[in-house]
Amino acid sequence: MDNIKVWIVEDDKDWLRGLKSFLGAQSGIEVIFTADNPEAVRQALESEAHEADVVLMDIMLDGVPAGITLAEEVALSIGARVIMLTSMEEKEFIFSAFQAGAIDYQIKSDFEALPDAIKAAARRESPISSSAAEQMREEFRRLKRLEREFEVKKMQDLITPSELELLKLIDKGYTQTEIASRLVISIRTVKNHVNHVLKKLGSKGSKEAAKEAKDMGLL
């Protein structure tokens with residue numbers, strides 16, 4: 001079986017040398033190209049001799065997440081499997097890295113896991129590392145919280161304080177007659193408020209609208 005051809009892109013020259021030496025000593029792995037800057041990678045992609053099975057790509061190059069853009073360029077240009085590397089758990093970049101075409105995300109301090117990750121990637125079996133999976137779960141939770149906050153804010157902007165008070169009374173089970181009495185308004189006014197709320201929220205009924213507001217934490 002042929003050796004797995006590996007590229008390493010890393011801006012820390014000492015780490016690059018150490019990683020090249022470590023991986024070069026692993027059975028079945030051959031480091032055929034290294035680079036410490038994006039320009040060198042792009043030149044390699046344009047050359048006739050470019051080839052790689054797996055590319056280890058540092059996310060942060062010269063202090064910016066240039067590795068994400070490079071990952072996409074590499075994946076599109078030569079079809080190599082890209083594993084992102086980072087010295088920190090930069091979770092804000094994980095989604096971007098996977099969207100760019102990366103297939104795994106490894107923490108540099110766990111470099112001893114890289115040979116297995118490389119071999120799995122070459123076999124196109126690479127599972128997402130446990131650290132990446134946990135960070136992605138956290139990102140999903142963060143996005144879910146943002147989505148909920150957006151929906152709550154949208155409802156708050158739609159409903160007036162008086163309409164919100166109306167929904168509170170509906171949620172407590174008051175009839176329209178009782179609501180009119182408590183708010184000292186006519187039943188006609190109550191009905192108009194209810195109709196306005198239903199149109200704003202797209203709800204089928206007043207109880208459904210009240211439940212939606214309660215689920216959003218507005219009641």
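The figures here come from the full heavy-atom set of this structure, side chains too, leaving out hydrogens, waters and symmetry mates.
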[X] [atom1] to [Y] [atom2] distance, which is reported to the nearest 0.5 Å:
{"X": "R42", "Y": "L45", "atom1": "CZ", "atom2": "CG", "value": "8.5 Å"}
{"X": "K153", "Y": "M155", "atom1": "NZ", "atom2": "CE", "value": "13.0 Å"}
{"X": "I59", "Y": "E10", "atom1": "CD1", "atom2": "CD", "value": "11.5 Å"}
{"X": "R124", "Y": "D53", "atom1": "CZ", "atom2": "CG", "value": "9.0 Å"}
{"X": "H193", "Y": "L198", "atom1": "NE2", "atom2": "CG", "value": "13.0 Å"}

With no hydrogens and no angle check, is any side-chain donor or acceptor of [X] less than 3.5 Å from a backbone partner on [Y]?
{"X": "S181", "Y": "E178", "result": "no"}
{"X": "D171", "Y": "L167", "result": "no"}
{"X": "E72", "Y": "I68", "result": "no"}
{"X": "D11", "Y": "N37", "result": "no"}

Check [X] against [Y] and note the closest heavy-atom contact, atom names and distance.
{"X": "V152", "Y": "M216", "value": "CG2-O, 3.5 Å"}
{"X": "L85", "Y": "L56", "value": "CD1-CB, 3.7 Å"}
{"X": "E208", "Y": "S203", "value": "OE2-CA, 3.6 Å"}

Exercise. For the residue pair W7 and F33, categorise the inter-ring angle as parallel (less than 30°), tilted (30 to 60°) or perpendicular (more than 60°).
Key: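 The arrangement is tilted - the two ring planes meet at 30° to 60°.
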Using a 4.5 Å cut-off on heavy atoms from C-beta on, say whether the side chain of [Y] contacts that of [X].
{"X": "L169", "Y": "R182", "value": "yes"}
{"X": "I159", "Y": "L201", "value": "yes"}
{"X": "V6", "Y": "I32", "value": "no"}
{"X": "I29", "Y": "P115", "value": "yes"}
{"X": "V194", "Y": "I170", "value": "yes"}
{"X": "L219", "Y": "L164", "value": "yes"}
{"X": "Y174", "Y": "L183", "value": "no"}
{"X": "L19", "Y": "K108", "value": "no"}

Quiz item: When you check the gap from the basic side-chain N to the acidic O, do E151 and K154 get nearer than 4.0 Å?
Solution: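 Looking at K154 together with E151, the answer is yes, because their closest N to O distance falls below 4.0 Å.
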Quiz item: Would you call K119-D116 a salt bridge at under 4.0 Å N-O?
Solution: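 Not counted as a salt bridge, because no side-chain N and carboxylate O are separated by less than 4.0 Å.
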Quiz item: According to a 4.5 Å side-chain heavy-atom criterion applied to Ile, Leu, Val, Met, Phe, Trp and Tyr, with indirect links allowed, do L70 and L76 form part of one hydrophobic cluster?
Solution: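 No; L76 is not reachable from L70 via cluster members.
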Exercise. With salt bridge (Lys or Arg N to Asp or Glu O under 4.0 Å) as the test, would you mind laying out the steps for D104 and R81 before giving the verdict?
Key: CA-CA 9 Å; D104 200 358; R81 310 282 279 174; over 6 Å; no
Exercise. Could you check T177 against T175 for side chain to side chain donor-acceptor pair (under 3.5 Å), going step by step and ending with a plain yes or no?
Key: CA-CA 5 Å; T177 300; T175 66; 4.6 Å; no
Quiz prompt | Candidates K200, K168, H196 - the one meeting side-chain hydrogen bond (donor to acceptor under 3.5 Å, both in side chains) with E163 | solution =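 When side-chain hydrogen bond (donor to acceptor under 3.5 Å, both in side chains) is applied between E163 and each of K200, K168, H196, only K200 qualifies.
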